[in-house]
Amino acid sequence: MTHPGPLAPGRLGVLGWPVFHSRSPAMQRAAFAALGLRGWSYQHLPVPPELFVETVRALGAAGFVGANVTVPHKHVALALADSATPAARAIGAANTLSFLPDGTIDVDNTDAPGMLAAMGSSVAGRSAVVLGAGGTARAATWALREAGASVAVWNRSPARAQALARDLGVTAITRPQAADLLVNTTTVGMDECMSRDDVLTTLALDSDLLPRYAQVVDFVYATAPTVLVSAARECGVATVDGLEILVAQGALSFARWTGLVAPLGAMRRAAEGGDDV
């Protein structure tokens, strides 16, 4: 659905459980400041799953014009929408909500194009292994498949991997395997106290397998490079970290809500700094 030009100033936020680790508020506030947008706000919105639908349906009346959605709400965000982009429908998950003047909720998925933009090169004809089976995994799998990659999906729960693979027409695997691309969409590594061995073991990876990827993409982000990104770099593997993806998908959400081109530099600096502004 196309919005008719810049929206009037309003409230925005990011819905998740947990959510206070998210750097989206700092990043989006920096974008408002860089473009001189007055009257806009962006905040953390911690909402447990049992209250998600009720909360989202009340946001429009509370002055919100949009919201991002993170773990674990992306599937439900699509289900409650009144309208959705073809991408969100095809993926089966949404991460960007827009509360329209007529009271309806429109949704999009910017994770998919955000990931491809952050990767910076064509994936056509390449092989990819996606770790995970949640909403982000669906976005990454769909994006890679649509861009011409051959995709295999792994999850600690084989049934979930099989369901995602069946829905999106890709392959489910019982163990990560060598490929051109490795994409981690799980939350493994979000806990910065996890050791390298714990992270790799939980993701069913080992030191011999990691160098066999040409590029590793990790949706997790932290103050320092994640364990997975650090391990890949030590092996000489090209990497894309979660901050790059966060900025890319956040810029697309910003443009959708405001009708303006997002100031990528300001958003990236705020995301890297980790402090709200």
task: List the steps and the verdict of side chain to side chain contact (heavy atoms under 4.5 Å, CB included) for R138 and N109.
output: CA-CA 10 Å; R138 296 183 72 92; N109 192 305; over 6 Å; no
query: So L205 and V199, side chain to side chain contact (heavy atoms under 4.5 Å, CB included) or not? Walk me through it.
result: CA-CA 8 Å; L205 297 169; V199 168; over 6 Å; no
task: List the steps, then state whether side chain to side chain contact (heavy atoms under 4.5 Å, CB included) holds for R256 with T85.
output: CA-CA 12 Å; R256 186 167 178 79; T85 62; 3.8 Å; yes
task: List the steps and the verdict of side chain to side chain donor-acceptor pair (under 3.5 Å) for D106 and S98.
output: CA-CA 5 Å; D106 182 55; S98 296; 5.0 Å; no
task: I would like to know whether S195 and D197 meet side chain to side chain donor-acceptor pair (under 3.5 Å); could you show each step before the answer?
output: CA-CA 5 Å; S195 70; D197 287 346; 5.5 Å; no
message: Using side chain to side chain contact (heavy atoms under 4.5 Å, CB included), reason through I91 and D111 one step at a time and then give a plain yes or no.
response: CA-CA 10 Å; I91 292 166; D111 281 332; over 6 Å; no
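Every residue two or more places apart in sequence or in another chain that forms a ring-ring contact (aromatic ring centres under 6.0 Å, His included) with F52 is listed here: H73. Scanning for side-chain hydrogen bond (donor to acceptor under 3.5 Å, both in side chains) contacts around Q43 gives R11, with sequence neighbours left out. Checked against side-chain hydrogen bond (donor to acceptor under 3.5 Å, both in side chains), S157 has no partners two or more places apart in sequence or in another chain.
The two residues A204 and W154 have their closest heavy-atom pair at CB-CZ2, 3.6 Å. Of all the heavy atoms in A133 and L164, the pair that sits closest is CA-CD1, 3.6 Å. The minimum heavy-atom distance between V123 and A147, with the atom names listed, is CG2-CB, 3.4 Å. Here the shortest heavy-atom pairing between V19 and L15 reads CG2-C, 4.1 Å. Nearest heavy atom pair, residue A87 against residue W142, reads CB-CH2, 3.8 Å. Across all non-hydrogen atoms, the minimal contact from A270 to A26 is CB-O, 3.5 Å.
In this structure, OG1 on T70 lies 13.5 Å from CH2 on W17, to the nearest 0.5 angstrom. Rounding to the nearest 0.5 Å gives a distance of 7.5 Å between CZ of F254 and CH2 of W40. Here the CG atom belonging to L12 is positioned 10.5 Å from the CG atom belonging to L59, to the nearest 0.5 angstrom. A distance of 10.5 Å separates CZ in F32 from CG in L260, rounded to the nearest 0.5 Å. Here D191 contributes atom CG and T202 contributes atom OG1; the two are 10.5 Å apart, rounded to the nearest 0.5 Å. Here OG1 of T201 is found 8.5 Å from CE of M194. Values are rounded to the nearest 0.5 Å.
R23 places a side-chain N or O within 3.5 Å of a backbone atom of A271 that can act as its donor or acceptor partner. Judged purely by atom type and a 3.5 angstrom limit, R145 uses its side chain to pair as donor or acceptor with the backbone of L168.
In this structure the side chain of T55 never reaches within 4.5 angstrom of the side chain of L45, judged on heavy atoms. Inter-residue side-chain proximity for E234 and S207 is flagged as unmet; no heavy-atom pair is nearer than 4.5 Å. With contacts defined as side-chain heavy-atom distances shorter than 4.5 Å, the pair L37/P9 does not qualify. Within the 4.5 Å cutoff, no side-chain heavy atoms of V14 are placed close to those of Q28. You'll find the side chain of V153 reaches within 4.5 Å of the side chain of T141, heavy atoms only. For the pair M115/L144, a side-chain contact is recorded, criterion being any heavy-atom separation below 4.5 Å from C-beta on. Contact of the R126 side chain with the Q215 side chain is registered, since non-hydrogen atoms from C-beta on lie closer than 4.5 Å. Side-chain contact check for M27 versus Y42: every heavy-atom pair is 4.5 Å or farther apart.
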Solution key, residues 169-186 side-chain donor-acceptor pairs under 3.5 Å, sequence neighbours excluded:
from	atom 1	to	atom 2	distance (Å)
D180	OD2	S127	N	2.9
D180	OD2	S127	OG	3.3
N184	OD1	T186	N	3.1
N184	OD1	T186	OG1	2.8
N184	ND2	D218	OD1	2.9
T185	OG1	L131	O	2.7
T186	OG1	V188	N	3.1

Which atom pairs, donor and acceptor, lie under 3.5 Å between side-chain atoms of residues 235-253 and protein residues at least two apart or in another chain?
from	atom 1	to	atom 2	distance (Å)
T239	OG1	R233	NE	2.9
T239	OG1	R233	NH2	3.4
D241	OD1	L243	N	3.1
D241	OD1	E244	N	3.1
E244	OE2	D241	N	3.1
Q249	OE1	N95	ND2	3.2
Q249	OE1	T110	OG1	3.2
Q249	NE2	L246	O	3.3
S253	OG	N68	ND2	3.0
S253	OG	T96	OG1	2.8
S253	OG	T110	OG1	3.4
S253	OG	Q249	O	3.4

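Atom CZ of R212 has 12 or fewer neighbouring heavy atoms from other residues, nucleotides or ligands inside a 6.0 Å radius.
The salt bridge (Lys or Arg N to Asp or Glu O under 4.0 Å) pairs that include a residue from residues 35-57 number zero, where partners must be two or more places apart or lie in different chains.
The hydrophobic clustering, which links ILVMFWY residues whose side-chain heavy atoms are closer than 4.5 Å, places V229 and V217 apart. V129 is connected to L228 through a chain of hydrophobic side-chain contacts under 4.5 Å among Ile, Leu, Val, Met, Phe, Trp and Tyr, so both are in one cluster. No chain of hydrophobic side-chain contacts below 4.5 Å, direct or via other Ile, Leu, Val, Met, Phe, Trp or Tyr residues, connects Y221 to L116. V69 and V71 end up in different hydrophobic clusters when Ile, Leu, Val, Met, Phe, Trp and Tyr side chains are linked at under 4.5 Å. Under a hydrophobic clustering in which Ile, Leu, Val, Met, Phe, Trp and Tyr are joined whenever their side-chain heavy atoms come within less than 4.5 Å, directly or via other members, L209 and L203 fall into the same cluster.
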